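Numbers restart at 1 for each chain; the letters A, B, ... are given by sequence-line order, proteins then strands. Everything numeric here is computed off the predicted structure, so don't read it as measured data.
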There are 2 protein chains.
Amino acid sequence: MSVVQSVLTATRVLERLSEPGLVGVSEIARDLGAPKSSVQRMLLTLKEAGWAADVRGETTRWTLTPKMFRLGQHHHAGNGLRSTALPVMEQLRDATRETVHLVVQRDDTVVVVECLDSPQAVRAHVDPGDVLPLHASTNGRALLSTQPEQVLRDLISKGLTASTPSTVTDPAAFEDVIRRARERGFASGEGQFRDGVHAVAAPIVVGGVGIASIGVSTPAQRMTPELEEAFGQYVMDAARTIAGRFGEDL
Amino acid sequence: MSVVQSVLTATRVLERLSEPGLVGVSEIARDLGAPKSSVQRMLLTLKEAGWAADVRGETTRWTLTPKMFRLGQHHHAGNGLRSTALPVMEQLRDATRETVHLVVQRDDTVVVVECLDSPQAVRAHVDPGDVLPLHASTNGRALLSTQPEQVLRDLISKGLTASTPSTVTDPAAFEDVIRRARERGFASGEGQFRDGVHAVAAPIVVGGVGIASIGVSTPAQRMTPELEEAFGQYVMDAARTIAGRFGEDL
DNA sequence: CCCAAACGTACCATCCTGTGGAACGAGAGG
DNA sequence: CCTCTCGTTCCACAGGATGGTACGTTTGGG
């Protein structure tokens, strides 16, 4: 089995970098028993790829960027989480008799991980793998509501494109939407991404980080303020349950 | 700036793998615009290095191992956590007037991330970077108490080596120690790693995973059962505070 | 005060390693 | 039966990765 040597080296460097504290080129080289120049090149490469960052002081030290953390969380969210979430999603679907979906964030979008269809004839649906805009999907807003103000501002400054005539694109109005979601603990919206669909969603928060979101979608005509509130409680419960169970499998 | 090409490819493959769902060689190759054979070799390499795993069914699919998640957590714990923990550690030191330290786990050991010395003349001390055995340090036991039984059994089956005459090495006795720590919410021990040092420690649990441990070490002669109980409450409070604040920085 | 050692960085000839096209066997589907 | 796609293997070539070496600084011991 032939294997790419430099990648093996790269992984060893990454492992070393994951250790607490900042390290210099020479120290890594010593630990790995590799030539300094090779390690130096490796670090520059990893920096280029966005995995390592150099902290330039009197002497250059290296550390990992949050990329590893993000990718790890992201993967875990999409895979480990799916099996954890499924039973809860089934409960939620049976309780609401509406379509239930689970999404994770990817950059400025959300990716649908799983979708359980409502048993009713008229129902909302998205396919696993579908990509929705972060700002124009209820699940995306639920995720946004867990994130620092700065992230929100960055997103807004990129411009909020409309997916339907109802999509909220005004910065101030959008901030209100997110603020409301923070207060209630769940997000809600009608026709933001697709006309005629009303959704309610809550973020799944693990370790203070919103790693995924679970939501319920209904045809807009079936939705009432009372139902919205009730579904809100349901999705929050479901999100908490999933978050609680999640992470027990290392 | 010269850069290792293959590593750039590797990172692109890893990023693709972090997406939810399993993927095949061809799909990755298509997404990346790279030759199938290159991707295939890359995947074998990543498997060899422990980052990717192949799920062999009728058609081979690939996914990430938990390695990325673990390294990411580990790094975050050692760095992001340090700044989060410092103020809490200072409080804890001032409240107890004893040495306070923060450790993270690495395999079957714990690594000291930070140590704030007691203001008293006679005091315990460890240096940041010091490596202690998981089973013979109170912080290690605190971490162990958060982990599945299987991990505990694995550790015991490797044999518990004694660091001092007092180190608990008997499997049954050790299981009792961990069980006690689970019940109380913190671990306590005297002279397990160094004679004359009595420590109390609580795990910092984020998302169900014990990512670090915070402890108080005193010279054994200063310790009393009442103090142990009081310090236990202190470290648990500190651990909870840190866990709560942690993770808010993406 | 100077020398030695350790740091991060840069260069470059050599050689080895990664490349990617091509081909294979196996299934799936029409 | 043919075709398309899957994962997998092979190999000659070429170009990139290698690591010894050297340089400019900074530290700290003598």
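Between the CZ atom of A:R30 and the P atom of C:dA5 there is a distance of 15 Å, rounded to whole Å. Straight-line distance from the CZ atom of B:R41 to the P atom of C:dG20: 8 Å, rounded to whole Å. In this structure, the CG atom of A:D54 is 12 Å from the P atom of C:dG8, given to the nearest Å. The CD atom of B:Q40 sits 5 Å away from the P atom of D:dT8 (whole-angstrom rounding). Distance, A:M42 CE to C:dT9 C1': 17 Å, rounded to whole Å. Between the CD atom of B:Q5 and the P atom of C:dG18 there is a distance of 13 Å, rounded to whole Å. Rounded to whole angstrom, the span from the CG atom of A:L8 across to the C1' atom of D:dA17 amounts to 14 Å. One can place CD of A:E27 at 13 Å from C1' of C:dA6, the figure rounded to the nearest angstrom.
Checked by distance alone, B:K36 brings a side-chain donor or acceptor within 3.5 Å of a matching partner on the base of D:dG7.
The side chain of A:S38 lies closest to D:dT18, out of C:dG20, C:dT9, D:dT18. With distances taken from any side-chain atom of A:S37 to the nucleotides D:dT9, C:dT19, C:dC11, the minimum falls on C:dC11.
Between A:T167 and A:Q192, the shortest heavy-atom distance links the atoms OG1-O, 2.6 Å.
Looking only at distances, no side-chain donor or acceptor of B:E114 sits under 3.5 Å from a matching main-chain atom of B:R82. In this structure, B:S213 contributes its side chain and B:A202 its backbone to a donor-acceptor pair below 3.5 Å.
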Inset, instruction - Tell me, with the steps shown, if B:L132 and B:V103 meet side-chain contact (heavy atoms from CB on, under 4.5 Å). - result: CA-CA 9 Å; B:L132 283 60; B:V103 309; over 6 Å; no
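Here B:R56 does not reach the OP1 or OP2 of D:dC6: none of its side-chain N or O atoms lies under 4.0 Å away. At C:dG8, one or more side-chain N or O atoms of A:S26 fall inside 4.0 Å of OP1 or OP2 (strictly under the cut-off).
Side-chain atoms of B:H198 and B:T138 include no donor-acceptor pair closer than 3.5 Å.
When each of A:T59 and B:S6 is assigned the nucleotide of DNA chain C bearing its nearest heavy atom, the one mapping closer to the 5' terminus is A:T59.
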